[in-house]
Amino acid sequence: YVVGGSGYLQNANEIGYGEIAKGVYTNDFFNMSIKVPENWAVQSQAAQQDIWEIGISLLSGEDENLKSVLTEAQKKSVNMFVFSKYEQGAPVPFNPNIMAAAEKVSHMPGVKRGSDYHFHTKKVLESGQMKYEFPNEIYTKNISGIPFDVMPIQITINNLTIHQEYYAARINDYVLMFVLSYSSESEIDELNKILNNLQFSK
């Protein structure tokens, strides 16, 4: 069984997973680097894949059509990193995290920027069994010279409201994504400090 299918491996070979050295994650395809937050857990590729699989299962439930749509999107995507404040399974109410991934969108010429990508993401989320809310409009944030469109999302599970901010920017044939997940103001402050270390070199 090949993780993510042949498209996944092809894209992974093109982009690369990136690497961590001396506390810094770098990815040469996107000419990007970001400091790994001190004392945070770095998820392995296998753990990242598990997170995706769980997400697909939770969102699609018994809807086989939606499951196939999500699985096809996953085949075109490459997981780059997940940094979480605590190790997986730590006994905490919520584990704030930041993840990065890229999806090949060369087959979708109408996706010219992050907000176009968010349009499709929102439709998929709204069609799933989880009750996502979209509390604010999409806005644009410039990070190291790259304009990212940001879509705020929230969902309540077991009386805990989880907030997410989906960052997306079209770069060549890919949409580069960052997802920040948090449950409090102090957690998003921490995540923003991490994201503010993101650098793109020319």
Side-chain angles (χ1 to χ4, degrees), residues 2-37 42-49 51-53 55-56 68-83 97-125 137-153 164-181 191-192 194-202:
V2 177
V3 170
S6 57
Y8 179 90
L9 286 182
Q10 185 181 336
N11 296 341
N13 288 338
E14 186 172 43
I15 295 178
Y17 299 113
E19 60 181 21
I20 293 174
K22 297 179 180 174
V24 177
Y25 169 91
T26 55
N27 184 289
D28 292 339
F29 182 87
F30 292 109
N31 293 317
M32 62 175 265
S33 64
I34 188 169
K35 288 180 187 173
V36 179
V42 178
Q43 305 302 331
S44 66
Q45 275 295 321
Q48 292 180 55
Q49 187 64 25
I51 291 167
W52 272 75
E53 300 285 349
I56 287 175
S68 65
V69 167
L70 294 169
T71 302
E72 281 305 306
Q74 185 191 27
K75 288 178 184 177
K76 298 182 181 73
S77 303
V78 176
N79 303 324
M80 294 159 68
F81 66 72
V82 178
F83 305 148
N97 62 83
I98 176 171
M99 63 157 285
E103 181 176 346
K104 192 159 194 175
V105 292
S106 51
H107 62 296
M108 298 172 73
V111 175
K112 301 189 186 304
R113 56 179 294 163
S115 56
D116 301 326
Y117 184 80
H118 289 324
F119 173 84
H120 299 286
T121 301
K122 184 177 179 181
K123 284 208 309 187
V124 168
L125 292 175
E137 294 296 313
I138 291 171
Y139 64 93
T140 303
K141 182 175 178 179
N142 193 297
I143 304 178
S144 185
I146 303 285
F148 281 84
D149 291 329
V150 187
M151 179 169 65
I153 295 174
Q164 292 187 309
E165 293 186 0
Y166 281 48
Y167 284 69
R170 173 92 191 231
I171 299 177
N172 300 321
D173 285 343
Y174 287 84
V175 167
L176 176 62
M177 296 171 276
F178 298 94
V179 180
L180 282 56
S181 302
L191 292 168
N192 279 328
I194 296 165
L195 192 61
N196 288 341
N197 283 311
L198 182 64
Q199 295 288 330
F200 293 92
S201 54
K202 303 299 182 200

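Only a predicted model underlies this, so the values are computations on that prediction, with no experimental measurement involved. FYI, the numbering just counts along the sequence from 1.
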Peer 1: So which atom in A102 and which in I15 form the shortest heavy-atom distance, rounded to 0.1 Å?
Peer 2: CB-CD1, 3.7 Å
Peer 1: Hey, what do you get for CE (M177) to CG (N79), rounding to the nearest 0.5 Å?
Peer 2: 8.5 Å
Peer 1: When you measure from the side chain of N142 to the backbone N and O of G145, does any donor-acceptor pair fall under 3.5 Å?
Peer 2: yes
Peer 1: What are the two closest heavy atoms between L195 and I34, and how far apart are they?
Peer 2: CA-CD1, 4.3 Å
Peer 1: Find the distance between CE (M32) and CE (M80) and round it off to the nearest 0.5 Å.
Peer 2: 4.5 Å
Peer 1: So, taking the atom named CG in N192 and the one named CD1 in I98, what distance separates them when rounded to the nearest 0.5 Å?
Peer 2: 8.5 Å
Peer 1: CG/N97 to CZ/F83 distance, rounded to the nearest 0.5 angstrom?
Peer 2: 11.0 Å
Peer 1: Calculate, to the nearest 0.5 Å, the distance between atoms CD and CG belonging to Q164 and L191 respectively.
Peer 2: 11.0 Å
Peer 1: Yes or no on side-chain contact (heavy atoms from CB on, under 4.5 Å) for E165 and F178, after CA distance, side-chain angles and deciding distance?
Peer 2: CA-CA 8 Å; E165 293 186 0; F178 298 94; over 6 Å; no
Peer 1: Quick one, Y117 with R170, criterion side-chain contact (heavy atoms from CB on, under 4.5 Å). Give me CA distance, side-chain angles, the key distance, then yes/no.
Peer 2: CA-CA 8 Å; Y117 184 80; R170 173 92 191 231; over 6 Å; no
Peer 1: Check whether any side-chain N or O of H118 sits under 3.5 Å from a backbone N or O of I138 as a donor-acceptor pair, and report yes or no.
Peer 2: no
Peer 1: Within this structure, what is the NZ-CD1 distance for the pair K122 and I153, rounded to the nearest 0.5 Å?
Peer 2: 9.0 Å
Peer 1: Has F119 got more than 12 heavy atoms of other residues, nucleotides or ligands less than 6.0 Å from its CZ?
Peer 2: no
Peer 1: For residues F30 and I171, report the shortest heavy-atom separation together with the two atoms involved.
Peer 2: CD2-CG2, 4.0 Å
Peer 1: Where do T26 and S33 come nearest, in terms of heavy atoms and distance?
Peer 2: CG2-CB, 3.8 Å
Peer 1: Within the supplied structure, the quantity of interest is the number of heavy atoms (other residues, nucleotides, ligands) at a distance under 6.0 Å from K35 NZ; does it exceed 12?
Peer 2: no
Peer 1: State, to 0.1 Å, how close G16 and N27 come at their nearest heavy-atom pair, and which atoms those are.
Peer 2: O-ND2, 3.2 Å
Peer 1: Take F200 and L176 through the side-chain contact (heavy atoms from CB on, under 4.5 Å) test and state the conclusion after the steps.
Peer 2: CA-CA 12 Å; F200 293 92; L176 176 62; 3.8 Å; yes
Peer 1: Could you tell me whether the side chain of F81 reaches within less than 4.5 Å of the side chain of V42, counting heavy atoms only?
Peer 2: no
Peer 1: Verify side-chain contact (heavy atoms from CB on, under 4.5 Å) between I143 and Y167, making sure each step is shown before the conclusion.
Peer 2: CA-CA 10 Å; I143 304 178; Y167 284 69; 4.0 Å; yes
Peer 1: Looking only at non-hydrogen atoms, find the nearest pair between T140 and R113 and report the distance.
Peer 2: OG1-NH2, 3.3 Å
